[in-house]
Amino acid sequence: LGFKNAFFDRKLLVNIAAFYNDYKDLQVAARSTNPAITTAVVNARSARTWGVEGSASLRASQALTLGMNVGYLNAKYKDFKLSGSSVLIPFDRSGQRMIMAPSWQLAFNADLDQPLNDDLNLVASALVSHTSENLIFYSAVPGVYPDLKAPAYWLANARIGVRTSDSRY
């Protein structure tokens, strides 16, 4: 379900989307207690995700465009149990957060394309993004060892350059 529109003579673009996914027989990587096997692939019977994403882009001037993106994700296993394995300790992750599915992601960006003369343009961009904590792997021994998580982080990128007005170089 989505909404997409332009405002103020197409200087402001807005996109919003909401989604729901229902998964069956999802393959998931799990850590093994067997030192000869580092990762095992197990079957999660069912999972679901839902979320909202939005973006806005503002043409602040002829040369400068500003933007932002935000996304929220709620991702959980509905039925994810394992028993009778000789490699993995039995577990029940039903109702728990899915791996590799951060709850929040957001980004802010600025893009510049400024003519310097008739032949050359100054081009530059900056991007700052954030990703919330992310579950990488469930523990091979729940209750004894913690789950492996990537902490929330910010990332900044920037570039600057010169290009020809015809965009050839």
Side-chain angles (χ1 to χ4, degrees), residues 1-30 39 41 43-80 93-138 146-169:
L1 179 67
F3 169 83
K4 189 181 268 196
N5 211 336
F7 303 95
F8 309 114
D9 197 27
R10 300 193 53 80
K11 289 183 178 157
L12 175 64
L13 305 175
V14 176
N15 300 305
I16 300 171
F19 59 89
Y20 179 85
N21 297 299
D22 195 12
Y23 297 98
K24 301 244 185 289
D25 298 323
L26 185 66
Q27 291 184 330
V28 180
T39 303
V41 176
N43 186 44
R45 288 190 151 175
S46 62
R48 61 102 184 120
T49 66
W50 63 266
V52 179
E53 299 172 332
S55 67
S57 176
L58 174 66
R59 186 76 179 239
S61 70
Q62 187 65 25
L64 180 63
T65 302
L66 303 172
M68 69 165 275
N69 302 294
V70 64
Y72 172 76
L73 176 64
N74 185 301
K76 292 190 177 180
Y77 296 110
K78 295 191 313 188
D79 185 0
F80 187 22
R93 299 292 185 175
S94 303
Q96 294 185 12
R97 180 154 194 81
M98 291 174 67
I99 62 171
M100 305 302 286
S103 296
W104 289 98
Q105 292 183 310
L106 62 122
F108 304 95
N109 64 288
D111 295 299
L112 180 71
D113 189 350
Q114 176 66 50
L116 296 172
N117 57 37
D118 288 342
D119 298 321
L120 298 174
N121 285 32
L122 174 67
V123 290
S125 67
L127 171 68
V128 176
S129 63
H130 173 74
T131 300
S132 65
E133 181 181 80
N134 193 4
L135 179 61
I136 305 297
F137 277 113
Y138 286 118
D147 295 335
L148 178 62
K149 296 179 181 178
Y153 64 92
W154 286 90
L155 182 63
N157 292 298
R159 70 175 176 85
I160 188 166
V162 176
R163 71 166 175 80
T164 57
S165 296
D166 64 5
S167 296
R168 187 168 177 188
Y169 301 101

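Everything numeric in this text was worked out from a predicted model, so none of it was measured.
In this structure, NZ in Lys11 is found 8.5 Å from CD in Gln62, a value given to the nearest 0.5 Å. In this structure, the separation between OG1 on Thr164 and CG on Leu120 is 7.5 Å, given to the nearest 0.5 Å.
Under the side chain to side chain contact (heavy atoms under 4.5 Å, CB included) rule, Met98 has a single partner from Leu135, Leu26, Val28, which is Leu26.
Of the possible donor and acceptor atoms, one in the side chain of Ser94 sits under 3.5 Å from a partner among the backbone N and O of Phe80.
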List the steps, then state whether side chain to side chain contact (heavy atoms under 4.5 Å, CB included) holds for Trp154 with Leu106.
CA-CA 9 Å; Trp154 286 90; Leu106 62 122; 4.2 Å; yes
Check against side chain to side chain contact (heavy atoms under 4.5 Å, CB included), Leu58 and Phe7:
CA-CA 10 Å; Leu58 174 66; Phe7 303 95; over 6 Å; no
Can Tyr169 and Val162 be said to form a side chain to side chain contact (heavy atoms under 4.5 Å, CB included), step by step?
CA-CA 8 Å; Tyr169 301 101; Val162 176; over 6 Å; no
Please lay out, stage by stage, how Asp113 and Asn121 fare under the test side chain to side chain contact (heavy atoms under 4.5 Å, CB included).
CA-CA 6 Å; Asp113 189 350; Asn121 285 32; 2.8 Å; yes
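Atom NZ of Lys78 has more than 12 neighbouring heavy atoms from other residues, nucleotides or ligands inside a 6.0 Å radius. Heavy-atom contacts from other residues, nucleotides or ligands closer than 6.0 Å to CZ of Phe8 number 12 or fewer. For Tyr153, the OH atom sits in a loose shell: 12 or fewer heavy atoms of surrounding residues, nucleotides or ligands are nearer than 6.0 Å.
When every heavy atom of Ala110 is checked against every heavy atom of Leu66, the shortest pair comes out as CB-CD2, 3.7 Å. Considering all non-hydrogen atoms of both residues, Gln114 and Ala63 come closest at OE1-CB, 3.2 Å. When all heavy atoms of Tyr77 and Ala44 are compared, the closest pair comes out as CD2-CB, 3.9 Å. When all heavy atoms are compared, the tightest approach of Ser103 to Ser132 is N-OG, 3.1 Å.
Between Arg97 and Asp147 no salt bridge is recorded (no basic side-chain N to carboxylate O distance below 4.0 Å).
When the side-chain contact (heavy atoms from CB on, under 4.5 Å) test is applied to Asn15, the partners found at least two apart in sequence or on another chain are Lys4, Ser55.
Defined by atom type and a distance below 3.5 Å, a donor-acceptor pair is missing between the side-chain atoms of Asp119 and Ser165. Side-chain contact check for Asp79 and Ser46: no donor-acceptor pair (N or O, by modelled atom type) lies under 3.5 Å.
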